[in-house]
Peer 1: 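Have a look at the structure that comes next, please.
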Amino acid sequence: MADISLAVRGGEQKGFPVGTTAEAALKELLTSKERKRTVAVRVNGTAMDLATPLATDADLEPVTVDSEEGLALLRHSTAHLMAHAVVDLFGAEVRVAIGPAVADGFYYDFDLAESFSPDDLERIEARMQEIAAGNAPFVRTTMARDEAIRLFDQKGQPYKVELLRELDADTVSLYQVGDFVDLCRGPHLPHAGWLKAVKLTRLAGAYWRGDEKRPMLQRIYGTAFYDAKELKKYLQQLEEARKRDHRKLGKELELFTIQEQVGPGLILWQPKGALLRKLIEDYWKDEHYRHDYELLYTPHIAKIDLWKTSGHLDFYGENMFSSIDIEEVRYQLKPMNCPFHIGIYKSRKRSYREFPVRWCELGTVYRFEKTGALHGLMRVRGFTQDDAHIFCRPDQLEEEIFNILDLNLHILQTFGFAEYDVYLSTRPEKYVGSDEHWEAATEALKLALEKKGLAYEIDPGEGVFYGPKIDIKIRDVLGRAWQCSTIQVDFNLPERFEISYTGEDGREHQPIMIHRALMGSLERFFGVLIEHYAGAFPLWLAPVQARILNITDAQLGYVDQVYRELRAAGIRVEKDDRNEKLNYKIREAQLAKVPYMLIVGDNEMAAGQVTVRLRDGKNLEPMTVAGLVEWLRVESAASMGAAAVAG
RNA sequence: GCCGGCGUAGCUCAGGGGUAGAGCAACUGAUUCGUAAUCAGUAGGUCGCGGGUUCAAAUCCCAUCGCCGGCUCCA
């Protein structure tokens, strides 16, 4: 007797008795191969356990182990398993908070008097394996919310009680695995036997519900995969990321240093890093000149009144260093460049005829960051923005945004970044400016993005209070996303500084102001570049493009000659004329990631040539210095926009 | 700022109450060498800084600075 009819993904319908579980139904609707990869099911679009009894006609969509959703499910279930292990090992006084799946794995937050040690992770992991080995099922039950509150209150689980009190539902679901019961919406895996490839990765503190005023909990992060090989691959990737860590490479390659005596978050650029920065800056300035920008320079401090007028003191005060008294006048170290650019705007009357005005500056700003937030070059207290401000009429906004996007992508591509995540942030709850302005500007941003052919996501309400913005995150060779570019429309500063231009009609109008940074900060961008290329920079960016290695002292004079000729031709060259074996010199040049090694022995000296060894170990045919200069010129240009290599 | 971990030679790290160690780098000398480390010697440290406990502290305790993993924030 068939009471309900079920189908998979709109396929052929089949009849089943009411109360048939999804699992039983899928047994008949799927091939056994598909069934084995299925860990949950979407019933009319809603994710559910396989054990769910079905009461109505439905369309079923299997959730499989090879899907994103299936992986998240595994990790979520693993979080429960971990909580189980923690309670087993640390006793019922452990208070459990929440344990979701996140991007690379999962975490669970706990509250207990003693603190976890790194060794505990291994113990917990071992206990998890024991529980999983028993193939304990995940069992779902439902009960009235009030009953659940009583239950968790009785168990001494205040975080669960708090969550339950805020839930807007009469009945709630609980899941039990082994003898651990947790409040959870589900769904979960059928049983813990799936949870084999698990690794607990790190310990961390985390505020309850991310709120600084709430208790600090202990968070355990971990990850899980269906396949042990996948886990191994993931751990290898972590290892690869560690090898590329810009702080490690920055030290090894002598690119930058941070000294305790100087201060946290303040970067000292060593000669090689400084040279690389000069190359970036020169390129940046050239491109901006080509795109009709004009370059500005502005000071590092200004009277505090400027920051009162701009509103930074009120809205950005907690990110600013405290002010400095100079002859009884208070001055403020700048956290942004915009007020200075406005100062230049105000230096004379402006006409619509000169619009759009495009002013750029590599402006060094200082922002107060909490010590705990600092991180190598990625998060610092003093940094240089590749800033620009564009003043234009409302009707020019869309085209200007388009131009910015165009320049932006061109520059990012030249540095080898071809993948982006683009976000458009719209009006937040608290904002300045009229609704019409917001709407028009947001529309202009959208149109420009679409015209540029960029796929983007909308972040509703995530705009800054003064206007909508576009953020671009670049993806590095390991697939990690980094916030760099930001393009922001500003309705606020033109108003506050009362800037205007004379329009066609002879009247004064308020210009639209756009802030934008493409690389974001030179420091962070440099950090991302280091990790992207693993320190092996493309030829056009390599601080040292070539190093001359002689075989014996007999070639010292020739080494000098080649060195001088290459320098004169503008090649960034070094010489290693130490009395060491060639093997030794090659090894050092290799570790220094120098792209070209120029080997010079008696043969080369006699022929007036150099033998060229590349960073990948291959050799080129011997060539003359003039030939090499031409070769490097071509290769250097070709290396702009070249992709980085992973692994 | 908060939770946890860690600060020993320029770098990577050992030593965990009883005379500060190794490798690499540096320096000196020998060697003159063809595609990822030649050999020998020399020098180098108030064990992050400040208190305390102890006959005795790199080691134990407290405080502080810095770094690391997160939370929060963002270029």
Side-chain angles (χ1 to χ4, degrees), chain A residues 107 109-111 114-120 201-221 242 245 247-248 251-252 254 257-265 316 318-319 335-337 363-365 367-387 464 471-473 482-486 488 515-528 549-556 578-592 597 599-604 611-615 617-619:
Chain A
Y107 67 80
D109 286 345
F110 303 96
D111 185 1
E114 68 180 294
S115 44
F116 296 124
S117 76
D119 295 338
D120 290 333
T201 49
R202 51 185 170 256
L203 279 169
Y207 298 107
W208 170 234
R209 314 199 112 177
D211 184 345
E212 272 181 70
K213 291 173 198 78
R214 308 254 206 157
M216 174 64 72
L217 307 174
Q218 298 188 64
R219 175 170 298 179
I220 302 177
Y221 280 95
R242 262 194 291 279
D245 190 317
R247 294 164 300 186
K248 179 174 175 283
K251 192 179 279 180
E252 286 171 7
E254 301 191 323
T257 177
I258 301 169
Q259 302 275 305
E260 186 170 344
Q261 197 176 24
V262 174
Y316 206 72
E318 59 181 34
N319 287 302
M336 293 189 192
N337 304 302
T364 303
V365 298
R367 297 184 185 173
F368 173 76
E369 296 288 345
K370 294 173 185 172
T371 50
L374 300 173
H375 180 89
L377 293 173
M378 303 301 190
R379 188 139 208 95
V380 295
R381 283 182 172 165
F383 61 97
T384 301
Q385 291 182 304
D386 67 318
D387 210 355
V464 212
D471 286 325
I472 300 181
K473 293 185 180 184
W482 303 96
Q483 164 82 56
C484 290
S485 314
T486 183
Q488 309 179 346
H515 309 252
R516 51 113 277 202
L518 308 184
M519 298 181 285
S521 106
L522 289 181
E523 283 73 8
R524 172 180 295 174
F525 195 73
F526 185 33
V528 175
L549 316 178
N550 59 315
I551 311 273
T552 72
D553 289 354
Q555 301 94 35
L556 283 179
R578 294 173 301 172
N579 176 8
E580 295 289 352
K581 288 181 141 184
L582 181 63
N583 271 337
Y584 183 79
K585 295 184 185 185
I586 286 177
R587 179 181 152 81
E588 295 219 327
Q590 195 75 46
L591 293 175
M597 293 169 225
I599 296 164
V600 164
D602 284 338
N603 300 337
E604 287 80 2
T611 292
V612 181
R613 183 192 205 269
L614 303 177
R615 202 154 41 180
K618 292 192 188 98
N619 270 12

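Sequence lines set the chain letters: A, B, ... in the order given, protein chains first and strands last, and positions in each chain run from 1.
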Peer 1: Is the closest side-chain heavy-atom distance between A/Asp602 and A/Ile551 below 4.5 Å?
Peer 2: no
Peer 1: Say you pick atom C1' in B/rG16 and the same atom in B/rA58; how far apart are they, in whole Å?
Peer 2: 9 Å
Peer 1: State which of B/rU35, B/rA37, B/rC74 makes the closest approach to the side chain of A/Arg379.
Peer 2: B/rC74
Peer 1: Check the chi torsion on B/rG16 and let me know: syn if it falls within 90° of 0, anti if not.
Peer 2: syn
Peer 1: Just call it for A/Ala204: base, sugar-phosphate, or nothing, with non-hydrogen atoms closer than 4.0 Å on any strand.
Peer 2: base
Peer 1: Side chains of A/Met597 and A/Gln590: does their closest heavy-atom pair fall under 4.5 Å?
Peer 2: yes
Peer 1: Counting only distance, no hydrogens or angles, is the base of B/rA37 paired donor-acceptor with the side chain of A/Gln590 under 3.5 Å?
Peer 2: no
Peer 1: For a quick check of understanding: with a heavy-atom distance under 4.0 Å over all strands, which category does A/Glu580 fall into, base, sugar-phosphate or nothing?
Peer 2: base
Peer 1: Please state how far atom NZ in A/Lys581 lies from atom P in B/rA30, giving the value in whole angstrom units.
Peer 2: 18 Å
Peer 1: According to the Watson-Crick and G-U wobble definitions, with both distances under 3.5 Å, which nucleotide is paired to B/rA37?
Peer 2: none
Peer 1: Roughly how many Å is it from CG in A/Leu203 to C1' in B/rG5, rounded to a whole number?
Peer 2: 9 Å
Peer 1: Answer yes or no: does a side-chain N or O of A/His375 lie under 4.0 Å from OP1 or OP2 of B/rG69?
Peer 2: yes
Peer 1: Considering only NZ, NE, NH1 and NH2 on the basic side and carboxylate oxygens on the acidic side, decide whether A/Arg247 and A/Asp245 come within less than 4.0 Å.
Peer 2: yes
Peer 1: Could you give the NZ-to-P distance, from A/Lys213 to B/rC2, as a whole number of Å?
Peer 2: 15 Å
Peer 1: Select base, sugar-phosphate, or nothing to describe what A/Asp602 touches, counting heavy atoms under 4.0 Å on all strands.
Peer 2: base
Peer 1: Students often get this wrong, so: under 4.0 angstrom with heavy atoms, is A/Gln259 touching a base, only sugar-phosphate, or nothing?
Peer 2: nothing
Peer 1: Which part of the nucleic acid does A/Gly520 contact within heavy-atom distance under 4.0 Å: base, sugar-phosphate only, or nothing?
Peer 2: sugar-phosphate
Peer 1: Let me know, please, whether A/Pro118 or A/Gln483 comes out on the 5' side of the other along RNA chain B by nearest nucleotide.
Peer 2: A/Pro118
Peer 1: Are A/Gln483 and A/Arg524 packed together at the side-chain level, in the sense that at least one heavy-atom pair is separated by less than 4.5 angstrom?
Peer 2: yes
Peer 1: So what does A/Val365 hit on the nucleic acid, given a heavy-atom distance under 4.0 Å: a base, only sugar-phosphate, or nothing?
Peer 2: nothing
Peer 1: First locate atom CG of A/Leu549, then atom CD of A/Gln555, and finally report the distance between them rounded to the nearest 0.5 Å.
Peer 2: 11.0 Å
Peer 1: Could you tell me whether the side chain of A/Glu604 has a donor or acceptor atom within less than 3.5 Å of a complementary atom in the base of B/rG34?
Peer 2: yes
Peer 1: Is any side-chain heavy atom of A/Phe110 less than 4.5 Å from a side-chain heavy atom of A/Phe116?
Peer 2: yes
Peer 1: A/Asp386 versus A/Arg516: any side-chain heavy-atom pair under 4.5 Å?
Peer 2: yes
Peer 1: Over all heavy atoms of both residues, which pair between A/Arg578 and A/Lys585 is shortest? Give the atoms and the distance, please.
Peer 2: O-NZ, 2.8 Å
Peer 1: Could you tell me the separation between the CZ atom of A/Phe368 and the P atom of B/rU72, rounded to a whole number of Å?
Peer 2: 18 Å
Peer 1: Looking at A/Thr371, does any N or O in its side chain come under 4.0 Å of the phosphate oxygens OP1/OP2 on B/rG1?
Peer 2: yes
Peer 1: Could you run down the sub-3.5 Å N/O contacts of the protein with nucleotides 25-29 of chain B?
Peer 2:
from   : atom 1 : to       : atom 2 : distance (Å)
B/rA25 : OP1    : A/Tyr584 : OH     : 2.8

Peer 1: Rounded to the nearest angstrom, tell me the gap between atom CD in A/Glu212 and atom P in B/rG1.
Peer 2: 11 Å
Peer 1: Could you identify the nucleotide paired to B/rC2, looking across every strand shown and requiring Watson-Crick or G-U wobble geometry with both distances under 3.5 Å?
Peer 2: B/rG70
Peer 1: Side-chain N or O of A/Asn619 versus OP1/OP2 of B/rU35: is the shortest distance under 4.0 Å?
Peer 2: no
Peer 1: Report the nucleotide, chosen from B/rA36, B/rA75, B/rU35, that has the shortest atom-to-atom distance to any side-chain atom of A/Leu582.
Peer 2: B/rU35
Peer 1: For the base of B/rG1, is there a side-chain donor-acceptor partner from A/Tyr207 under 3.5 Å away?
Peer 2: yes
Peer 1: Can you tell me, in whole Å, how much space there is between the C1' of B/rU12 and that of B/rC71?
Peer 2: 31 Å
Peer 1: Say we look at B/rG7 and B/rU64: how far apart would their C1' atoms be, to the nearest angstrom?
Peer 2: 13 Å
Peer 1: Checking all strands, does A/Lys251 fall into the base, sugar-phosphate, or nothing category for heavy-atom contacts under 4.0 angstrom?
Peer 2: sugar-phosphate
Peer 1: State whether A/Tyr221 places a side-chain N or O below 4.0 Å from either non-bridging phosphate oxygen (OP1 or OP2) of B/rC71.
Peer 2: yes
Peer 1: Would you say A/Lys370 places a side-chain N or O within less than 4.0 Å of OP1 or OP2 belonging to B/rC74?
Peer 2: no
Peer 1: Taking all atoms of both residues into account, what is the closest heavy-atom pair of A/Met378 and A/Val528, and its distance?
Peer 2: CE-N, 3.6 Å
Peer 1: Please enumerate all residues that pass salt bridge (charged side-chain N to carboxylate O under 4.0 Å, His left out) together with A/Asp109, with sequence neighbours excluded.
Peer 2: A/Arg219
Peer 1: How long is the line joining CG of A/Leu374 and C1' of B/rA75, in whole Å?
Peer 2: 13 Å
Peer 1: Rounded to whole angstrom, note down the P distance from B/rA36 over to B/rU28.
Peer 2: 28 Å
Peer 1: May I have the distance from A/Asp120 (atom CG) to B/rG69 (atom C1'), rounded to whole angstrom?
Peer 2: 16 Å
Peer 1: Between B/rC24 and B/rA63, how far is it from one P atom to the other, in whole Å?
Peer 2: 41 Å
Peer 1: Just by modelled atom types, is the A/Tyr221 backbone N or O under 3.5 Å from a matching donor or acceptor in the A/Arg202 side chain?
Peer 2: no
Peer 1: Which value, in whole Å, describes the distance between the P atoms of nucleotides B/rC60 and B/rC6?
Peer 2: 10 Å
Peer 1: With heavy atoms under 4.0 Å as the rule, sort A/Asp553 into base, sugar-phosphate or nothing.
Peer 2: base
Peer 1: Within the structure, does a side-chain N or O atom of A/Arg247 lie under 4.0 Å from either OP1 or OP2 of B/rG69?
Peer 2: yes
Peer 1: Taking salt bridge (charged side-chain N to carboxylate O under 4.0 Å, His left out) as the test, write out the residues that go with A/Glu604, two or more places apart.
Peer 2: none
Peer 1: Is A/Arg202 touching bases, backbone alone, or none of the nucleic acid, heavy atoms closer than 4.0 Å?
Peer 2: sugar-phosphate
Peer 1: Just how far, in rounded Å, is P of B/rC33 from CD1 of A/Ile586?
Peer 2: 16 Å
Peer 1: Counting any heavy atom closer than 4.0 Å, what does A/Ala373 reach on the DNA or RNA strands: base, sugar-phosphate only, or nothing?
Peer 2: base
Peer 1: Between B/rG66 and B/rG23, how far is it from one P atom to the other, in whole Å?
Peer 2: 34 Å
Peer 1: Tell me what A/Gly210 touches on the nucleic acid: a base, only sugar-phosphate, or nothing, going by heavy atoms under 4.0 Å.
Peer 2: sugar-phosphate
Peer 1: Just to be sure I understand the rule, does A/Thr611 reach a base, reach only the sugar-phosphate, or reach nothing, if contact means heavy atoms closer than 4.0 Å?
Peer 2: base
Peer 1: Taking atom P in both B/rA20 and B/rG48, compute the distance separating them and give it to the nearest angstrom.
Peer 2: 15 Å
Peer 1: May I ask you to say what A/Glu252 touches in the nucleic acid, namely base, sugar-phosphate or nothing, with a heavy-atom cut-off under 4.0 Å?
Peer 2: nothing
Peer 1: Contact class for A/Asn603 vs. all strands (heavy atom < 4.0 Å): base, sugar-phosphate, or nothing?
Peer 2: base
Peer 1: Of the candidate nucleotides B/rA37, B/rA75, B/rC67, which contains the atom at the shortest distance from the side chain of A/Pro264?
Peer 2: B/rC67
Peer 1: By nearest heavy atom, map A/Ile551 and A/Arg209 onto RNA chain B; which one lands nearer the 5' end?
Peer 2: A/Ile551
Peer 1: Compare side-chain N and O positions of A/Arg524 against OP1 and OP2 of B/rC74 and report whether any pair is under 4.0 Å apart.
Peer 2: no
